[in-house]
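Here's the structure we're looking at; comments come further down.
In this text, all values refer to a predicted model and were calculated from it rather than measured experimentally. Values below: every heavy atom of this structure, side chains too, minus hydrogens, waters and symmetry copies.
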Amino acid sequence: FTIQTLQENITVQPLPRPDASLKRSPKLATKFRRFYTCGDFPIATVFDTRGIKVAWKVEIEELNYHNHLPKFFEGLCETVHPYKFLAQQGIHDMLQNGGPKILPVIPQLIVPIKNALNTRNPEIVCATLKVIQSLVMSADMVGKALVPYYRQILPIFNVFKNINGEVSISPIERLAVTLRRFNLTMGNKPLLVQQGDKFCDVITVNLGDGIDYTQMNHENVGDLVQETLEILERYGGEDAFINIKNMVPTYESCILN
């Protein structure tokens with residue numbers, strides 16, 4: 001790089017990985033997990049013929065939304081069962097039954113949403129985008145109430161807006177994707193690649209004659225970003241588009257166009 005790199009006792013740092021902007025170091029146990037362990041949530045897991053589900057110990061309408069809803073949003077960063085399931089199902093139930101109780105709590109939800117998006121973990125980002133969509137459509141005026149907070153939650157959308165499925169691009173994973181494309185083109189079974197302690201199907205959108213299963217499962221992060229921006233624009237009022245455009249310059253209006 002420079003003549004200084006040739007000097008003795010000089011160590012040159014390697015170039016960052018091309019996917020470095022998409023990864024963050026794992027965090028310790030989330031606040032949601034600590035709250036759940038301490039018994040702060042009036043919920044429990046039960047099993048029936050349809051599988052696991054959440055059982056509420058009190059009526060949802062009687063909950064203190066200022067206290068409980070932000071705590072559930074802290075669980076958006078969870079990727080471990082059963083905490084991930086409990087957090088997402090708890091958010092779903094409270095948004096579905098909250099009505100006018102949701103709007104006053106919006107300022108308390110921004111930091112947990114921002115923290116979840118800033119993990120840059122595609123699994124967490126996809127779950128958070130779905131929650132944002134549900135939040136916007138859960139009650140009147142929620143979409144407009146989120147407009148002042150676009151500056152905090154939308155910047156990370158630029159990272160994932162044009163990513164469709166293939167997020168990890170290390171050399172080994174790139175080779176796996178290439179092999180999977182070949183397998184699908186030749187009519188063979190999808191290739192399974194080991195990630196940690198489990199085997200995962202390598203997903204990418206540009207598969208030629210292949211199939212992108214993330215679209216079927218509604219887990220394509222690029223599509224979710226686009227859908228979320230469109231919902232924010234539709235429900236955010238007349239000032240929504242210009243504020244979205246300031247944060248995500250490549251976004252095109254779904255209303256004006």
Side-chain angles (χ1 to χ4, degrees), residues 27-119 121 123-150 152-153 217-219 224 227-237 240:
K27 293 185 176 181
L28 301 177
T30 64
K31 292 181 180 180
F32 174 85
R33 191 179 304 191
R34 295 198 295 269
F35 291 142
Y36 179 75
T37 304
C38 294
D40 290 349
F41 296 119
I43 57 174
T45 55
V46 295
F47 298 87
D48 59 12
T49 55
R50 296 183 179 181
I52 186 173
K53 65 179 184 179
V54 171
W56 290 88
K57 300 177 182 178
V58 298
E59 294 295 331
I60 299 178
E61 293 79 5
E62 299 177 1
L63 291 174
N64 183 343
Y65 271 62
H66 283 279
N67 180 39
H68 287 95
L69 190 57
K71 291 182 178 179
F72 275 103
F73 269 71
E74 293 285 352
L76 288 173
C77 294
E78 283 290 352
T79 58
V80 179
H81 185 80
Y83 306 108
K84 174 184 174 182
F85 169 75
L86 291 170
Q88 295 181 4
Q89 189 61 45
I91 291 172
H92 174 270
D93 291 347
M94 292 191 71
L95 292 181
Q96 194 173 40
N97 297 277
K101 292 184 177 181
I102 298 174
L103 182 60
V105 191
I106 293 298
Q108 297 176 251
L109 307 180
I110 302 304
V111 172
I113 290 175
K114 180 181 177 181
N115 291 339
L117 293 174
N118 284 339
T119 63
N121 181 324
E123 178 185 357
I124 296 175
V125 171
C126 286
T128 305
L129 292 173
K130 294 176 184 178
V131 167
I132 293 174
Q133 295 180 16
S134 300
L135 176 64
V136 171
M137 297 184 289
S138 62
D140 295 337
M141 302 300 294
V142 171
K144 294 183 179 180
L146 285 173
V147 173
Y149 301 103
Y150 284 175
Q152 299 182 48
I153 63 178
N217 297 329
H218 201 217
E219 294 177 352
L224 281 171
E227 291 176 11
T228 305
L229 291 174
E230 291 178 358
I231 290 175
L232 289 172
E233 182 185 2
R234 290 193 181 99
Y235 289 84

What distance separates [X] [atom1] from [Y] [atom2], expressed to the nearest 0.5 Å?
X	Y	atom1	atom2	result
Leu109	Leu135	CG	CG	6.0 Å
Glu74	Asn115	CD	CG	6.5 Å
Gln88	Lys130	CD	NZ	8.0 Å
Tyr65	Ile102	OH	CD1	6.0 Å

Side-chain heavy atoms of [X] within contact of [Y], under 4.5 Å:
X	Y	result
Lys144	Tyr235	no
Val111	Phe73	no
Pro104	His66	yes
Tyr149	Ile113	no
Gln133	Glu227	yes
Val54	Val46	no

What do the steps show when you test Leu69 against Gln108 for side-chain contact (heavy atoms from CB on, under 4.5 Å), and what is the final call?
CA-CA 9 Å; Leu69 190 57; Gln108 297 176 251; over 6 Å; no

Thr128 pairs by side-chain contact (heavy atoms from CB on, under 4.5 Å) with which of Leu224, Asn121, Leu117?
Leu117

Locate the shortest heavy-atom distance separating [X] from [Y]; write the atom from each residue and the value.
X	Y	answer
Pro112	Pro70	CG-O, 4.2 Å
Leu103	Pro107	O-CD, 4.4 Å
Leu232	Tyr150	O-OH, 3.4 Å
Cys77	Ile124	O-CD1, 3.3 Å
Val147	Gly236	CG2-O, 3.4 Å
Ile60	Asn97	CD1-ND2, 3.7 Å

Side chains of Asn118 and Lys114: any donor to acceptor distance under 3.5 Å?
no

Ile52/His81 under side-chain contact (heavy atoms from CB on, under 4.5 Å): CA gap, chis, key distance, verdict
CA-CA 11 Å; Ile52 186 173; His81 185 80; 3.9 Å; yes

Would you say [X] has more than 12 foreign heavy atoms packed within less than 6.0 Å of its [atom1]?
X	atom1	answer
Phe41	CZ	yes
Met141	CE	no
Asp40	CG	yes

For the pair Arg33 and Val80, evaluate side-chain contact (heavy atoms from CB on, under 4.5 Å) and give the outcome as yes or no after the intermediate values.
CA-CA 10 Å; Arg33 191 179 304 191; Val80 179; 3.7 Å; yes

Taking Tyr36 for the side chain and Leu86 for the main chain, is one N or O donor matched with an acceptor at less than 3.5 Å?
no

Applying side-chain contact (heavy atoms from CB on, under 4.5 Å), run through Lys53 and Gln89 and close with a yes or a no.
CA-CA 8 Å; Lys53 65 179 184 179; Gln89 189 61 45; over 6 Å; no

Could you please spell out the steps behind the salt bridge (charged side-chain N to carboxylate O under 4.0 Å, His left out) verdict for Glu123 and Lys84?
CA-CA 11 Å; Glu123 178 185 357; Lys84 174 184 174 182; 2.5 Å; yes

Take the angle between the ring planes of Phe72 and Phe32 and call it parallel below 30°, perpendicular above 60°, tilted in between.
tilted

